[in-house]
Amino acid sequence: MNDNARSEPIPVIREVDRGTAKLLPDVDRARAWLLTVDGAPQSYVDLDDPTYIEFEYVRRLAHVVDCVADEGAPLDVLHLGGGALTLPRYVAATRPGSRQDVVEADRALLQLVREKLPLAPGTATALHAADARAWTLAAPAASADLLIADVFGGSRVPAHLTSIEYARAAERVLKPGGVYAANLADGAPFDFLRSQLATFQAVFTEVALIAEPSVLRGRRFGNAVLLASQRPLDVAALARRTAGDAFPARVEHGDSLRRFIARAQPVDDASAQPSPEPPEGAFSIG
């Protein structure tokens with residue numbers, strides 16, 4: 001075996017708190033890795049280029065990061081859900097000086113990422129092994145410019161992160177004019193997604209949705225990014241960015257979003273349900 005063969009990265013497989021995690025090297029990018037848990041893709045990171053984003057829904061969340069404040073301005077960000085820290089790395093690279101807290105319930109997964117995919121030195125990012133809602137309830141009021149929720153138990157958003165009580169807790173943590181962004185997943189007839197929009201609309205004055213047209217038309221199950229704020233969202237800037245992606249998305253807002261929500265009602269802790277189970281093969285990889 002030659003030196004080059006010995007230096008090639010090899011997959012890492014480890015049991016974590018919520019399943020079997022795999023770190024799979026990308027043969028096309030020298031220090032890039034795909035993280036899966038029980039076969040479901042969780043994160044993709046390129047340690048040499050933290051601004052490179054592979055997953056389309058993560059790219060949409062990155063567009064939110066780009067549009068939430070002036071270019072390059074540092075932010076205070078709370079991330080609920082850690083994965084391989086794709087977005088914290090992106091924020092640190094594009095907005096130097098940002099202060100970030102990352103909350104991940106899977107302690108063993110967090111340790112795996114710390115060990116194998118460490119953050120760049122000097123990054124002001126604190127990692128916490130904790131429940132997302134419990135952390136949100138205890139976090140200081142008006143402490144975050146941006147709260148990003150990307151929390152899945154397996155392939156479903158946990159019910160305790162879908163209620164109006166949770167929405168109020170998230171709103172309390174945001175600074176005046178701060179933005180909440182959540183990665184959700186649903187398919188037609190969108191009972192879950194409509195109820196989530198109705199729930200956050202009951203707490204925030206502005207709500208928007210970013211998703212691919214094929215998902216919104218009910219042709220397939222997929223991701224959708226929910227946005228909420230007490231100030232007007234820069235919908236035009238977001239629409240321009242998302243339309244230019246390899247898989248273009250649409251930003252629904254105002255009347256079109258109200259038509260989509262229709263008669264859906266907010267949900268409380270007593271009635272909250274996790275997001276629906278994805279159809280077989282919707283997110284899994286071989």
Side-chain angles (χ1 to χ4, degrees), residues 9-26 31-48 50 52-55 57-58 61-62 65 75-93 98-140 143-144 146-161 166 169-170 173 181-185 223 274-275 283 285:
I10 61 174
V12 177
I13 302 174
R14 186 176 297 180
E15 293 302 314
V16 293
D17 297 344
R18 300 189 175 183
T20 301
K22 294 182 181 180
L23 286 175
L24 306 172
D26 186 338
R31 297 181 69 225
W33 297 83
L34 172 68
L35 168 67
T36 71
V37 177
D38 287 343
Q42 300 290 320
S43 302
Y44 179 100
V45 295
D46 186 333
L47 299 180
D48 289 331
Y52 177 81
I53 295 180
E54 180 79 7
F55 294 172
Y57 85 84
V58 182
L61 288 168
V65 172
L75 297 173
D76 292 328
V77 186
L78 173 58
H79 301 263
L80 303 181
L85 311 178
T86 306
L87 280 170
R89 298 173 204 271
Y90 181 85
V91 172
S98 293
R99 296 179 298 181
Q100 303 185 78
D101 286 288
V102 181
V103 180
E104 170 57 57
D106 192 322
R107 186 180 298 271
L109 178 61
L110 195 60
Q111 181 56 38
L112 172 64
V113 173
R114 286 179 191 267
E115 178 186 335
K116 299 296 184 180
L117 306 174
L119 291 166
T123 302
T125 302
L127 308 182
H128 312 277
D131 174 77
R133 176 154 166 178
W135 186 274
T136 303
L137 288 169
S143 58
L146 178 61
L147 194 167
I148 299 175
D150 188 9
V151 183
F152 282 74
S155 55
R156 306 176 74 182
V157 179
H160 71 302
L161 300 180
Y166 163 71
V173 171
N183 174 38
L184 305 175
N223 296 96
S275 63
F283 298 128
I285 63 171

Taking side-chain hydrogen bond (donor to acceptor under 3.5 Å, both in side chains) as the definition, give me every residue that meets it alongside [X], ordered by chain and number, with sequence neighbours left out.
{"X": "N183", "value": "D150, N223"}
{"X": "R31", "value": "D48"}
{"X": "S143", "value": "none"}
{"X": "R133", "value": "S163, D269"}

Minimum-distance pair of heavy atoms, taken over all atoms of [X] and [Y]:
{"X": "L112", "Y": "A21", "value": "CD2-CB, 3.9 Å"}
{"X": "S43", "Y": "T86", "value": "CB-OG1, 3.8 Å"}
{"X": "P118", "Y": "L47", "value": "O-CD2, 4.4 Å"}
{"X": "V45", "Y": "A84", "value": "CG1-O, 3.5 Å"}
{"X": "G81", "Y": "V151", "value": "N-CG2, 3.7 Å"}
{"X": "E104", "Y": "G83", "value": "OE1-N, 3.4 Å"}

Non-neighbouring partners of Y44 that pass ring-ring contact (aromatic ring centres under 6.0 Å, His included), sequence neighbours left out: Y52
Partners meeting ring-ring contact (aromatic ring centres under 6.0 Å, His included) with W135 (sequence neighbours left out): H128
Distance, nearest 0.5 Å, that separates [atom1] of [X] from [atom2] of [Y]:
{"X": "L117", "Y": "L23", "atom1": "CG", "atom2": "CG", "result": "5.0 Å"}
{"X": "D17", "Y": "R107", "atom1": "CG", "atom2": "CZ", "result": "8.0 Å"}
{"X": "Y57", "Y": "L184", "atom1": "OH", "atom2": "CG", "result": "11.0 Å"}
{"X": "T125", "Y": "L85", "atom1": "OG1", "atom2": "CG", "result": "8.0 Å"}
{"X": "D76", "Y": "D101", "atom1": "CG", "atom2": "CG", "result": "9.0 Å"}
{"X": "I53", "Y": "D46", "atom1": "CD1", "atom2": "CG", "result": "11.0 Å"}

R99 atom CZ, neighbour heavy-atom count above 12 within 6.0 Å: no
Side chain to side chain contact (heavy atoms under 4.5 Å, CB included) between L34 and F55, intermediate numbers included: CA-CA 10 Å; L34 172 68; F55 294 172; 3.5 Å; yes
Donor-acceptor contact present, side-chain D38 to main-chain T20, <3.5 Å: yes
In chain order, what residues pass the side-chain contact (heavy atoms from CB on, under 4.5 Å) check against [X], with sequence neighbours excluded?
{"X": "P11", "result": "L24, P25"}
{"X": "A134", "result": "D131"}
{"X": "A120", "result": "T123"}
{"X": "A93", "result": "P50, T51"}

Stepwise side chain to side chain contact (heavy atoms under 4.5 Å, CB included) test for L146 and V91: CA-CA 11 Å; L146 178 61; V91 172; 5.7 Å; no
Within residues 77-93 or reaching into it, pairs that qualify as salt bridge (charged side-chain N to carboxylate O under 4.0 Å, His left out) - sequence neighbours excluded: none
Side-chain heavy-atom pair I148, V65 within 4.5 angstrom cut-off: yes
Contact check, side chains of W33 and D26, non-hydrogen atoms, under 4.5 Å: no
Any pair counted as side-chain hydrogen bond (donor to acceptor under 3.5 Å, both in side chains), so long as it reaches residues 111-121, sequence neighbours left out: R14-E115
